[in-house]
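Comments concern the structure below.
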Amino acid sequence: MDGSDSPQMTLEGILDFPILDIGDLSDASRTYSFPPRSRGATTRREGWPPSAVDDERPGDELRAPKLTERAGQRDGQSVPDPPDAAVIISSDTDPFLEAVANSCHRMGMCTELLEHAEAGRYFSVRTTATGTTVTPYRAIYVNSRDHVLSATGTSLTPESREEDALLWAVLSWSNAPVVNRPGLSDQGPWHRQSTFMLRDRIGCSRPGVDSEENVVVSREHAWAIKAAATTAGGATAVAVGPSAAESSPAQCSVRLVRDLGLDLCIVSWAEGAGRRVPVALNAYPTAATLGPTSSAVAESVARILHGG
Amino acid sequence: MADDRLLVIGLDLDPNIVHLVAQLRAMGIRPGIANLRELVTAGSWSFLPEENKATLVTPRQVIDMTGLESVFWRPIDLTPHISEYAMRCRWISLTAGLSNWLFDRSRVPLVVNPMGSHKHNRSKPLHAGFLQALGMNIPSCITSADPAELSEFIAGGPAVVKSVTSTGTSVRQIHQSDLIGRSRRDGSLHLQRRVMGLDIRAFVIDEAVVSVGILSSDVDYHMRSLAYADIHRVDLPDALKRQLVGAAKLQNLPFTGWDLKLDSEGVYWCLECNPMPSFVAFDHRTRGRVTAELIHLLSAPVRLPRLSNSQPGRPKSPVLGE
């Protein structure tokens, strides 16, 4: 089934279509053969920062010093308890974020929705000779649109740079669950420049190309959805039918998102010159971009925040 | 080295770039030079990763970026100072294209400093935690907007204040009185326990370490020109040198500038690792040692075999239907 068959469909209408649920990814090796991560610095990781050079060069003789375990897990401390509260950081309100909050509530967690600037004043980070700690202890999900500032050529203010800098440290050092934990390299915090820089990173930048198919990849599941043309106010997703169940873009998307160390991301694909290529990554989904998968993805995010 | 194998990318306004190029030429090496300002205002560029082609075009030259063996780049972001929207977009587009091209070592074996390397010192709390995790001896620090937490930290001993990004402000000592009237709304501060002693700047260039001691009466010797400070070559303990070299490698940074302190008890403290250090002022005080090591690094025969796209180092872009 092709999305163009039903260009006038509403979001409610397309819910009738079967969503291609690629399946439970918790036992990923059963279904997919993921390559080893080549860049440990951007992974969601235990024992972060990484214990090896990002990409070791042949001939490197000097071994980098081995890093200790993350702060808070040293001295025999066990993994922290699941948090009883989550912070959702976004400069916009969106039904998807409400759905995430509702899912968290059903799991017994409190939620706070903070604007970007508020979040930059909410947390504290301390480093002593024994390690780094972040307070308060909150699961964190950043779904910010601030990254578009750079992509559109608008400079961040000095204040927002300061807030970003703190948030980058918070997301990196917090022992609580974090959705899309950032890396240590030039890409900086995923909550800024994400799509822009991620596209650079995987070398799939095709500005101006409309995607034809989107694959939503969470830590647990992946869904393929046909993308209709994005319009100012309309829903954009149409679920693909079972005939696309063996869709290679879906499997490649899962591998790609895993390789980038992300917990949640939409990979957009397009066809040109006989080849299908990923043209964009979107780590900040909304109800509109997620379409019929919104509720399921919200549940998945909540489970990550709950420590799942 | 043939000229077309080494490229220096930066700003004509940057004395570090000017100095490096002058030193290269003095040694008979004529590198390609890409002036970002000229490119943005009067040039053009194209990056075609799939065809393995990239060119930079200015009114004076065409730079072919294929076949490069080493690149020194010092990209200074001027977008905050550019008011014209279209020009800002051009700047971002150029630096993003360059970043993408230089990210892949199959295209350029040696980039100083490469994309994808650690550059987290613009987040002081992240950076401090990272250095501590490396086993560096760092002063305690806190980043917070909470006046009570900040006050408690200051009560624990002399402290200095920095911006969280450490840009735009000098380091200075902070006192309880500075917090009067302060609220969360005023934003976060990064406070660090003050260490008294000799300032040391150590440059790590690949496996070479060039270090100088800086005698300055200021809390932060950066506050004033180095002309106001006494600068002398110092030698660091071998163990510390090995630690710095290892830490730089871990961050995938062939060229780093470390800010250290040596206190009166002979203890070395690590304050910061700069991933794009300014070196020209120190080079004059070290008889050109920093630049000499840099040139050795950049012009040495390529030590690494070129990597094919199939080798580790970069998530390969999936392409279907081929």
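Lettering follows sequence order; numbering is per chain, from 1. Keep in mind that what you see is a predicted model, and the values were worked out from it rather than measured.
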Quick one: does B:F153's side chain get under 4.5 Å of A:R126's, heavy atoms only? no

Kindly check if the number of other-residue, nucleotide or ligand heavy atoms within 6.0 Å of CD (B:E152) is above 12? no

Sidechain-backbone polar pair: B:R184 side chain, A:R121 backbone, donor-acceptor under 3.5 Å: yes

If I compare all heavy atoms of B:G129 with all of A:W173, which pair ends up nearest, and what's the gap? C-CZ2, 3.1 Å

Quick check: does any side chain N or O of B:S123 sit under 3.5 Å from a backbone N or O of A:A165, one acting as donor and the other as acceptor? yes

Can A:T127 and B:Q132 be counted as having a side-chain donor-acceptor contact under 3.5 angstrom? no

According to salt bridge (Lys or Arg N to Asp or Glu O under 4.0 Å), does anything in residues 125-138 of chain B pair up with another residue at least two apart or in another chain? List the pairs. none

Less than 4.5 Å apart, side chain to side chain, heavy atoms only: is that true for B:S163 and A:E162? yes

Taken to the nearest 0.5 Å, the spacing of A:T135 OG1 from B:D146 CG works out to 8.5 Å

Pull out the residues in residues 185-194 of chain B that come under 4.5 Å of chain A, heavy atom to heavy atom, sorted by number. B:R185, B:G187, B:S188

By salt bridge (Lys or Arg N to Asp or Glu O under 4.0 Å), which residues pair with A:E115, not counting sequence neighbours? none

List the residues meeting ring-ring contact (aromatic ring centres under 6.0 Å, His included) with A:F123, not counting sequence neighbours, and say none if there are none. none

Let me know which of A:V134, A:T132, A:V125 forms a side chain to side chain contact (heavy atoms under 4.5 Å, CB included) with B:P125. A:V125

Residue pair A:L166 / B:V164: nearest heavy atoms and the distance that separates them: N-CG1, 3.8 Å

